[in-house]
Amino acid sequence: MKKVYFRTIQDSELEDLETPPRYRPGSLESLSKATRFTQEEIKKIYRGFKAECPTGVVREDTFKMIYAQFFPQGVNSSQYAHYVFNTLDQDHSGLISFEDFVQNLSILSRGTLEEKLRWAFSLYDINGDGYITREEMTEIVSSIYDLMGKLAEPCIEDDTVKEKVDRIFQKMDKNQDGVVTLDEFLDCCKTDKDISASMAVFNSCM
């Protein structure tokens, strides 16, 4: 009969299991081709990324802490950062890789208007089913007011959020079926200057 040997797992090994493995991104050439950044720019972005995230990947709690550093003390950025993280974490692994980060940064900083709007749609479409509901829009708009409200409008009330969502949703939901599709979203944002101005907030929030 074959003997089976057991050994005690050391504390250091438990730490290894709890800590995500160190991640190495793809080649500079492939990342440069997949984004609108030069290889030198990617090197610079990666140095900053590694300084904050030595393992090469970011968990949501770390992402929220990093994100909060870009806003004045006392501003509640946590909820909006949660939705941004959800949008970046496309495979829903709970981790953002450097590729995820740099590809999304490329879209938001150097993408076309349509690419930026498609990104904004994916942010609003919280459950990823291809439609934006009034409830999803309310959650995102509320989180933006938490983030920007103290700077832009000192006294934000719940009714103000509801009124804004009702106004935007009515314009976007062309067939009045209670949801906004990607095509409806794109058409409205491209033709309505007020809506386009509202969508521009993402450039300053990401």
Once you measure the plane-to-plane angle for F101 and F49, does it fall in the parallel (<30°), tilted (30-60°) or perpendicular (>60°) bin? tilted
Same cluster or not: are V179 and M172 linked, directly or through other Ile, Leu, Val, Met, Phe, Trp or Tyr residues, by side-chain heavy atoms under 4.5 angstrom apart? no
Can we say E115 and R118 salt-bridge, meaning some charged N sits less than 4.0 Å from an Asp/Glu carboxylate O? no
For Y124 and E139, which I'm curious about, is there any donor-acceptor pair between the side chains at under 3.5 Å? no
Regarding T181 and D183, is there a side-chain donor-to-acceptor distance under 3.5 Å anywhere? no
Ion pair R134/D166, N-O distance below 4.0 Å: yes
Heavy-atom closest pair (E136 atom, I126 atom, distance to 0.1 Å) is OE2-N, 3.2 Å
Exam field: side chain S32 to backbone L28, donor-acceptor pair closer than 3.5 Å: no
Apply salt bridge (charged side-chain N to carboxylate O under 4.0 Å, His left out) to residues E40 and K44 and explain how you reach the verdict. CA-CA 6 Å; E40 286 304 312; K44 184 177 180 181; over 6 Å; no
Return yes if a side-chain donor-acceptor contact under 3.5 Å exists between S143 and D146, otherwise no. no
Return yes if some donor-acceptor pair links the side-chain N/O of D125 with the main-chain N/O of D129 below 3.5 Å, else return no. yes
Ring pair (Phe, Tyr, Trp, His ring centres under 6.0 Å) partners for Y131, two or more places apart: none
